[in-house]
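These notes concern the structure reproduced below.
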Number of protein chains: 2
Amino acid sequence: MAYSERGLAAGGNARPIVSPTSDEGWTDYARSPRVKTNRYEPHQVVFYEGDQADRIYELLEGAVMLYKLLPDGRRQVVEVLGANDMFGLLASRAYDCNAETLTPCVIRVLDRKDAETTPAAQRHITRCLLAQMESMHEHAVLLGRKSAFERVSSFLMRFVPGRGIADCRGPAGAGRDDALIVLTMTRQEIADYLGLTIETVSRVISDLKRRGLIAIEKQDRIRINNVCGMCHQTGAH
Amino acid sequence: MAYSERGLAAGGNARPIVSPTSDEGWTDYARSPRVKTNRYEPHQVVFYEGDQADRIYELLEGAVMLYKLLPDGRRQVVEVLGANDMFGLLASRAYDCNAETLTPCVIRVLDRKDAETTPAAQRHITRCLLAQMESMHEHAVLLGRKSAFERVSSFLMRFVPGRGIADCRGPAGAGRDDALIVLTMTRQEIADYLGLTIETVSRVISDLKRRGLIAIEKQDRIRINNVCGMCHQTGAH
DNA sequence: CGATCATTTGACACCGGTCAAGTTTTGTGG
DNA sequence: CCACAAAACTTGACCGGTGTCAAATGATCG
């Protein structure tokens with residue numbers, strides 16, 4: 001039995017594990033006997049590309065990345081998922097990606113057949129897919145058309161809530177316009193997500209620091225000193 | 001009234017316009033009074049990014065591309081769709097891409113609300129989304145990690161049915177292993193799809209020709225002389 | 001405090017972009 | 001069917017942004 005399964009079986013601690021954003025009776029689903037909720041450690045593999053795909057997953061807490069490998073070892077992280085995202089969804093019999101946690105995670109595991117035959121589940125899944133599809137489109141632009149600077153800037157802006165989107169309301173008040181973001185990915189993971197090398201990511205971050213746009217408080221805690229200024233580095237404005 | 005709408009309103013010609021691959025009563029949907037079927041010319045815009053998204057589209061015949069633009073004019077084609085694909089699906093209120101026909105097309109136009117409330121439509125939409133998501137993952141690998149040669153080779157292999165997939169059965173018979181493919185995209189569109197410039201696409205194609213892997217019969221008709229050989233240029237083997 | 005791993009920095013090479021001709025193909029009108 | 005113009009594509013020369021390889025520095029954890 002995997003650690004993650006024991007984790008909850010034993011788990012007497014009362015932390016709620018039901019998704020807060022339940023829409024239209026979706027969480028009724030969780031009452032099914034075939035639904036389990038598991039805890040995962042950081043950097044634990046949820047499934048491998050090619051595995052028989054008879055389960056689908058709902059990420060309740062934490063962050064998960066999906067990635068694909070080329071035979072020579074090149075890796076591309078194709079999606080980074082957050083709370084309430086679903087994954088392991090597919091058209092074919094086998095998963096098309098590897099799924100690995102970035103942080104400690106709480107993940108609900110559903111039987112694929114159940115999910116496919118429950119209308120409420122269907123709606124929820126479709127909604128997730130639509131949102132993920134939009135992210136993929138945006139990411140295709142990043143991978144196909146943006147420079148290394150723009151890629152890293154776009155990546156950092158992802159973590160500033162409410163900013164950098166189409167209708168960005170600009171800085172909240174007058175004066176300073178900064179934000180602290182906490183990275184859950186290593187430089188290597190960021191590089192594999194942005195289609196760059198680790199060295200290039202590192203160089204761009206150092207350069208942004210040198211130019212005063214950001215400050216590195218800890219390796220994984222970055223302060224953006226001028227959110228608006230950073231936004232103009234993304235290529236989207 | 002747009003040309004495309006008149007096209008069918010007047011259209012007395014008896015060409016069948018119902019999708020051949022109807023699953024589980026999905027085509028019942030087409031009987032709704034709010035469903036129209038339109039014809040489009042090549043390079044006609046179906047909708048623009050930012051347009052109010054109250055319709056969804058089902059491509060019955062032809063090919064459509066979805067693309068996004070950056071403010072400075074850089075373009076990324078994010079998806080190339082074929083018969084039975086659906087598009088204009090979204091999470092948000094406005095389309096996130098531009099949609100433009102590549103060839104003459106027959107497109108069924110559905111009311112978004114209708115589609116959202118019809119279970120059979122839901123299933124069909126979800127199925128399309130799942131297939132499109134897998135393509136997007138594959139394309140992210142191409143954009144993020146493949147060389148220009150690998151990108152163009154992968155692109156060409158897309159058009160050889162049954163080959164280049166995971167379980168490629170290899171050449172059908174003994175002896176020659178060639179295939180003729182007909183491109184529906186210009187070099188510029190291919191470049192914008194593959195995240196390259198038109199010059200690089202042209203150079204790679206010329207090089208493949210020089211090395212005898214392909215032959216250009218007409219600008220848009222390319223013969224792959226050695227499908228297996230081409231496949232090994234894609235980076236996937 | 002030392003070992004290990006992650007990250008940064010430097011030097012250099014090369015792939016693919018840019019700019020600028022050519023050349024071929026397509027379309028139009030006579 | 002031909003002549004011409006416009007568009008699409010190809011080719012060449014050059015350069016710059018990223019990748020590669022190697023070493024130094026910094027973080028983490030026993």
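Just so we're on the same page: letters track the sequence lines, and every chain starts at 1.
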Could you pull out all residues at least two apart from B:Glu150 that satisfy salt bridge (charged side-chain N to carboxylate O under 4.0 Å, His left out)?
-> A:Arg74
Show me the donor-acceptor pairs, under 3.5 Å and distance only, between side chains in residues 229-237 of chain A and residues at least two apart or in other chains.
from     : atom 1 : to       : atom 2 : distance (Å)
A:Gln233 : OE1    : A:Arg211 : NH2    : 3.2
A:Thr234 : OG1    : A:Cys231 : O      : 2.7
A:Thr234 : OG1    : A:Ala236 : N      : 3.3

Can you name the salt bridge (charged side-chain N to carboxylate O under 4.0 Å, His left out) partners of B:Arg221, sequence neighbours left out?
-> none
Side-chain (B:Arg151) to main-chain (B:Leu194) donor-acceptor, under 3.5 angstrom = yes
Check side chain to side chain contact (heavy atoms under 4.5 Å, CB included) between B:Gln219 and all other residues, then give those that pass, not counting sequence neighbours.
-> B:Arg187
Residues that B:Ser92 engages under side chain to side chain donor-acceptor pair (under 3.5 Å), provided they are two or more places apart | A:Glu134
Report the end-to-end axis angle of the helix from C:dC1-D:dG30 to C:dG30-D:dC1; each axis comes from five terminal pairs, and the value is rounded to 10°.
-> 50°
For A:Asp178, enumerate each residue passing the salt bridge (charged side-chain N to carboxylate O under 4.0 Å, His left out) test, keeping only those at least two apart in sequence or located in another chain.
-> A:Arg176, A:Arg223
Output all residues satisfying salt bridge (charged side-chain N to carboxylate O under 4.0 Å, His left out) with A:Glu49, sequence neighbours left out; order by chain, then residue number.
-> A:Lys68
DNA chain C: first to last nucleotide in contact with chain A (atom under 4.0 angstrom from a heavy atom), 5' to 3', is C:dT7 to C:dA11
Protein heavy-atom contacts under 4.0 Å, written 5' to 3' over nucleotides 8-21 of chain D as B (base), S (sugar-phosphate only) or - (none), form the string -SBBBB----SSBB
Those residues that, when tested against A:Gln132, pass side chain to side chain contact (heavy atoms under 4.5 Å, CB included) (two or more places apart) | A:Glu79, A:Leu81, A:Asp85, A:Cys128, A:Leu129, B:Met133
Under the side chain to side chain contact (heavy atoms under 4.5 Å, CB included) rule, collect the residues that match up with B:Glu189, sequence neighbours excluded.
-> B:His43, B:Met65, B:Arg75, B:Leu102, B:Met185, B:Thr186
